[in-house]
Number of protein chains: 2
Amino acid sequence: MASGTQGADERAVAQTEKAVIELFVRLAQVIGLQRTVGEIYGLLYATERPLTMDELTRRLRISKGSASQGLKLLRSFGAVRSEYIEGDRRDHYVAEVEVRHLLGGFLRERMQPHLAWGATRLNEIDQLVAVLPGDNHKVLKDRLVRLKRWRTRGQRLLPMILKLLRA
Amino acid sequence: MASGTQGADERAVAQTEKAVIELFVRLAQVIGLQRTVGEIYGLLYATERPLTMDELTRRLRISKGSASQGLKLLRSFGAVRSEYIEGDRRDHYVAEVEVRHLLGGFLRERMQPHLAWGATRLNEIDQLVAVLPGDNHKVLKDRLVRLKRWRTRGQRLLPMILKLLRA
DNA sequence: CAGTTCGTTCAATACCAAATGAACAAGAAA
DNA sequence: TTTCTTGTTCATTTGGTATTGAACGAACTG
């Protein structure tokens, strides 16, 4: 292969890498994760070979602290795992390329707690309106019934999405 | 009705109101909207009677600017509409009690653009990898195919959710 | 053992987006 | 017309949180 073509190759790969990182940075922002988390996952996703924390900090220009915390989060989501490499005591990280790991982990660890909190809160509100006399505050009661329907719906939605992730 | 019971009533209503607002504040935070937007929608949701901007700023202790911008956003979502009241030139706002208006508007105005952006970006990446020689970078190409599958999936998910909202 | 390497934690900092409020425009009232 | 009322916009301030980097513990190495 000619070295000119080779150079074009490298450029294309580098650009791709950058674009993939950008993609995951955006995804991270949309679902409310730190930009560094998106960067880390993006770089790992675009790289076949396992990377050390040191490589992540150098290539992404982020601090050791950010890398450590980002990787911790991504591991808790099951979106990244560390691979053992013979004769190197450093951790080597690879992306779980099934994106559902990232999204599934996010839903499990971040979304679910919110839904649970909302359900609890709605029950508490229920207690409050229960003491109100029957025909007064009819509209308020009606609206709360609507909200409770949403609790059910929301709790149904999560499994649905998870199922969709699996498909 | 005894005035003591009446007092208990008012307390319960006030607490309910507060709890409903809290609920929507949390929802707002989860989907990445400003706290004030959640507060506004929450108060309107908990109140039968249409409210003026002035009432919103006083009861929520937020600035006129925040109220104006929050209402603007909520109207753009179709989650709030203004009602004309005879002999009062001020705008009077009521919540669209179908929560799907809020979520639907959010998906339409906020989520959809991100998906569109991602789709465009993926096409650009496609162009980049297209120039790479066949068997090299096989893994990279494979991973991009995975991402493209997600574009399709994401674009399918949105209508699904919208349908669920309607149900 | 002392000296390195590696990863984590957390207090300090830097950054950014949300909230404010003054200034403004458009009507209405007087 | 002038004066109020009402709502919007936008430059500034504020508040919250993401990122940093120093300090630390643990686990190797020589």
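Worth knowing before you read on, the calculation uses all heavy atoms, side chains too, and leaves out hydrogens, waters and symmetry mates. In what follows, chains carry the letters A, B, and so on, assigned in the order in which the sequence lines appear, proteins first and then strands, with residues in each chain numbered from 1.
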Please state how far atom [atom1] in [X] lies from atom [atom2] in [N], giving the value in whole angstrom units.
X        : N      : atom1 : atom2 : result
A:Ile85  : C:dC6  : CD1   : P     : 13 Å
B:Glu55  : D:dT5  : CD    : C1'   : 16 Å
B:Leu73  : D:dT8  : CG    : C1'   : 15 Å
B:Leu60  : C:dT20 : CG    : P     : 10 Å
A:Arg58  : D:dG21 : CZ    : P     : 16 Å
B:Asp88  : D:dT5  : CG    : P     : 13 Å
B:Arg110 : C:dA17 : CZ    : P     : 12 Å

Base, sugar-phosphate, or nothing: which does A:Leu71 touch, judged by heavy atoms less than 4.0 Å apart?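 Nothing, no nucleic acid heavy atom in range.
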
Would you call the rings of A:Phe24 and A:Tyr45 parallel, tilted or perpendicular if under 30° counts as parallel and over 60° as perpendicular?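 Ring orientation, 0 to 90° scale: tilted.
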
In sequence, state the C-alpha distance, the side-chain angles, and the governing distance for A:Val13 and B:Leu128, and then conclude on side chain to side chain contact (heavy atoms under 4.5 Å, CB included). CA-CA 8 Å; A:Val13 171; B:Leu128 287 171; over 6 Å; no

May I ask you to evaluate whether A:Lys72 reaches the phosphate of C:dT9, defined as a side-chain N or O under 4.0 Å from OP1 or OP2?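 For C:dT9, OP1/OP2 do have a side-chain N/O of A:Lys72 under 4.0 Å.
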
Under 4.0 Å between a side-chain N/O of B:Arg90 and OP1 or OP2 of D:dC4, yes or no?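 It does not, given that no N or O in the side chain of B:Arg90 lies less than 4.0 Å from OP1 or OP2 of D:dC4.
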
Please pick, from C:dT9, D:dG7, C:dG7, the nucleotide with the shortest atom-to-atom distance to any side-chain atom of A:Asp91.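 So the nucleotide nearest the side chain must be C:dG7.
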
Looking only at the side chain of A:Ser68 (C-beta and beyond, no hydrogens), which of the listed nucleotides D:dT20, C:dG7, D:dG7 gets closest?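 Looking only at side-chain atoms, A:Ser68 lies closest to C:dG7.
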
Within 6.0 Å of NZ in B:Lys18, more than 12 heavy atoms from elsewhere: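 Open: at most 12 neighbouring heavy atoms sit under 6.0 Å from NZ of B:Lys18.
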
What I want to find out is whether [X] reaches [Y] closely enough, with some N-O distance under 4.0 Å, to be called a salt bridge.
X        : Y        : result
A:Glu55  : A:Arg90  : no
B:Asp142 : B:Lys138 : no
B:Arg58  : B:Asp54  : yes

Near DNA chain C, under 4.0 Å by heavy atom, which residues of residues 23-42 of chain B?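 Output list: B:Gln34, B:Arg35, B:Thr36.
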
If only atom types and distance count, is the side chain of B:Ser68 paired as donor or acceptor with the main-chain N or O of B:Lys64 below 3.5 Å?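 Looks like no, no N/O pair under 3.5 Å.
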
Tell me whether B:Arg26 contacts the main-chain N or O of B:Glu22 through its side chain, where contact means a donor paired with an acceptor under 3.5 Å.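 Pair absent, no side-chain N/O of B:Arg26 close to backbone of B:Glu22.
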
Could you encode protein contacts along nucleotides 21-29 of chain C as a string, one character per nucleotide from 5' to 3', using B for base contact, S for sugar-phosphate-only contact and - for no contact, with a heavy-atom cut-off of under 4.0 Å? B-----BS-

Can you name the nearest heavy-atom pair linking A:Ile21 to A:Glu39, along with the distance?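 It is CG2-CA, 3.9 Å.
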
